[in-house]
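All residue numbers refer to positions in the sequence shown, counting from 1.
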Amino acid sequence: MARILTVFALFALPSLQKAVTKSFSPLKFAKNGTFQISILEDLHFGENAWDAWGPEQDVNSVKVINEVLDKESPDLVVLNGDLITGDNAFLQNATVYIDEIVAPLVERGLTWASTYGNHDSQYNLSREAMLAREQRYPNSRTKQMVFGKDSGVSNYYIPVFGADNNDYIGAPAMLLWFFDSRGGYYFQELDESGNQIAQPNWVDTSVVTWFKETNTALRKKYHRTIPSLVFVHIPTNASLAAQTEVGISDTHEPGINDDYTLAQQGEGWCANDTTSDSCVYGGQDVPFMEALVSTPGVIGVFSGHDHGDTWCYKWDKLLPGMSVHGNGINLCFGQHSGYGGYGSWIRGSRQVLVTEAMLSRGEADTWIRLESGDVVGSVSLNATYGEDTYPITPDTLT
């Protein structure tokens, strides 16, 4: 194993050397007024490193990343959780998979930002170590803005400035918010019986408070509402309610809907924040949902976690069984990007494109670029999304 790690580190080193020679300015819209994001999620690198099929999955995942980036030209890549299958990680090398994941981005001179998922926190893998590994690269914009054991790590925002704002002064044209939905297990912690200790799988209330206070401060500072996109690995209960209580239409909300029922924040937890086989959902994501719908300018929330769901739903009403009323925010899943993790749905990456004109209307265009090169699920998240008719997304397996 040590020899494998040494060889792997040597392969990773040239990418790091190349990365440190490049510097990155604040994000801004292109001269033509566009900004595009490619979302890679559920890559699950590092599964079963001791078997031949584990490393082969990582090779195939790198191919997916290359296929997508050969076809798309994003201004930012978002790694939206479960970068590594920490369940299979060894303590001494858990974070070196970051180098393999980001190598295609470094080679293209692309910049990225991450959220961390439930598989990124395990007994031998910590979010803090992943963040430290990422931050060796100037390409990485992943940060930590909320501190404390209960807060998680990948909670932060990034401003995106307008095309004409060459000095990066004044109000950003858009804000990108990143949230840590936690989950998995605490790093190197065991209970009195020697069992791993489960970490809550929702956005913590300390983070919700930070989000509301920070957004309010930004609105006061710039005297305006700034349009926003949100990225969080585990979806909220609103996505589950939309799926099970209303239903997802394959012509109005095109996408795969095979993870039925989907797994949401608070799944498997009781209302008193303890775990039990008798508890299905504890409702701990209610404060986060309330914050999202009460924050002006949020256009969409993009999640992963449920590999077999790839649709978007406009949450514009009080859904059955819920106490939080939707305000028209779009709830979107991406596409399972990695060959690690469960499921054999064709891999790919959700793309999100906004223009400064679209932001003023609270709109975004989005589609999924598949590893085959095909595009599916192309929709406009506008005022009539959910009413407009689109082609059905094929349920393709590899």
Intermediate values then yes/no, side chain to side chain contact (heavy atoms under 4.5 Å, CB included), Tyr385 and Asn330: CA-CA 9 Å; Tyr385 181 72; Asn330 297 288; 3.9 Å; yes
Between Asp306 and Asp259, the two heavy atoms sitting closest are C-OD2, 3.1 Å
With Arg350 as the cation and Trp367 as the aromatic partner, state whether NZ or CZ is under 6.0 Å from the six-membered ring centre and within 45° of the axis. no
Hey, what's the ring geometry for Trp311 with Tyr313, parallel, tilted or perpendicular (30° and 60° as the breaks)? perpendicular
For the pair Arg108 and Asn66, evaluate side chain to side chain donor-acceptor pair (under 3.5 Å) and give the outcome as yes or no after the intermediate values. CA-CA 10 Å; Arg108 291 170 170 80; Asn66 283 318; 2.8 Å; yes
Can you label the angle between the His119 ring and the His44 ring as parallel, tilted or perpendicular, going by 30° and 60°? perpendicular
Scan side-chain atoms only and decide if Thr295 and Asn215 contain a donor-acceptor pair under the 3.5 Å cut-off. no
Can you label the angle between the Phe231 ring and the Phe302 ring as parallel, tilted or perpendicular, going by 30° and 60°? parallel
Only one of Val379, Thr251, Asn382 passes side chain to side chain contact (heavy atoms under 4.5 Å, CB included) with Asp388; say which it is. Asn382
Between Leu318 and Val324, the two heavy atoms sitting closest are CD1-O, 3.5 Å
Could you walk me through whether Tyr137 and Trp112 satisfy the ring pair (Phe, Tyr, Trp, His ring centres under 6.0 Å) test, starting with their C-alpha distance in whole Å, then the side-chain angles of each, then the deciding distance to 0.1 Å, before giving a yes or no? CA-CA 10 Å; Tyr137 296 89; Trp112 71 83; 5.7 Å; yes
Between the side chains of Lys31 and Asp164, is the shortest nitrogen-to-carboxylate-oxygen separation below 4.0 Å, so that they form an ion pair? no
Lys221, NZ: over 12 other non-hydrogen atoms inside 6.0 angstrom: no
Derivation of the side chain to side chain donor-acceptor pair (under 3.5 Å) call for Asp273 and Gln284: CA-CA 8 Å; Asp273 294 354; Gln284 290 89 351; 3.0 Å; yes
Please tell me whether Asp285 and Thr236 have a donor and an acceptor in their side chains that are separated by less than 3.5 angstrom. no
Distance-only side-chain donor-acceptor flag, Asn88 / Glu47, under 3.5 Å: no
For Phe288 and Phe179: C-alpha separation, side-chain torsions, deciding distance, then whether ring pair (Phe, Tyr, Trp, His ring centres under 6.0 Å) applies. CA-CA 10 Å; Phe288 182 52; Phe179 294 99; 5.0 Å; yes
Do His336 and Asp42 get their side chains close enough for a donor-acceptor pair, meaning under 3.5 Å? no
Should the pair Arg347 and Tyr339 be classed as cation-pi, given the thresholds of under 6.0 Å to the six-membered ring centre and 45° from the axis? yes
Nearest heavy atoms of Glu387 and His252, plus distance in Å: O-CD2, 3.1 Å
Answer yes or no: are there more than 12 heavy-atom neighbours, outside Tyr157 itself, under 6.0 Å from its atom OH? no
Side chain to side chain donor-acceptor pair (under 3.5 Å) between Ser38 and Ser349, worked out: CA-CA 6 Å; Ser38 293; Ser349 166; 4.6 Å; no
Can you tell me if Gln265 and Ser181 form a side-chain donor-acceptor pair at under 3.5 Å? no
Tell me yes or no: between the side chains of Thr355 and Thr34, is some donor less than 3.5 Å from an acceptor? no
Could you check Asn124 against Tyr185 for side chain to side chain donor-acceptor pair (under 3.5 Å), going step by step and ending with a plain yes or no? CA-CA 9 Å; Asn124 283 333; Tyr185 294 87; over 6 Å; no
Regarding Ser337 and Gln335, is there a side-chain donor-to-acceptor distance under 3.5 Å anywhere? no
To the nearest 0.5 angstrom, please state how far the OH atom of Tyr156 sits from the OG1 atom of Thr214. 14.5 Å
What heavy-atom pair brings Ser140 and Glu134 nearest, and what distance separates the two atoms? OG-OE1, 3.1 Å
From Asp120 atom CG to Leu83 atom CG, the distance as rounded to the nearest 0.5 Å: 5.0 Å
Using every non-hydrogen atom in the two residues, find where Trp210 and Asn155 come nearest and quote the distance to one decimal. CH2-C, 4.1 Å
Kindly assign one of parallel, tilted or perpendicular to the pair His305 and His233, based on the angle between their ring planes and the thresholds 30° and 60°. perpendicular
When every non-hydrogen atom of Asp87 is compared with those of Gln122, the smallest separation belongs to N-CG, 3.4 Å
Is there a side chain to side chain contact (heavy atoms under 4.5 Å, CB included) between Leu292 and Val230? Walk through the geometry before answering. CA-CA 9 Å; Leu292 289 172; Val230 171; 4.1 Å; yes
Answer yes if the side chains of Gln196 and Glu189 hold a donor-acceptor pair under 3.5 Å, and no otherwise. no
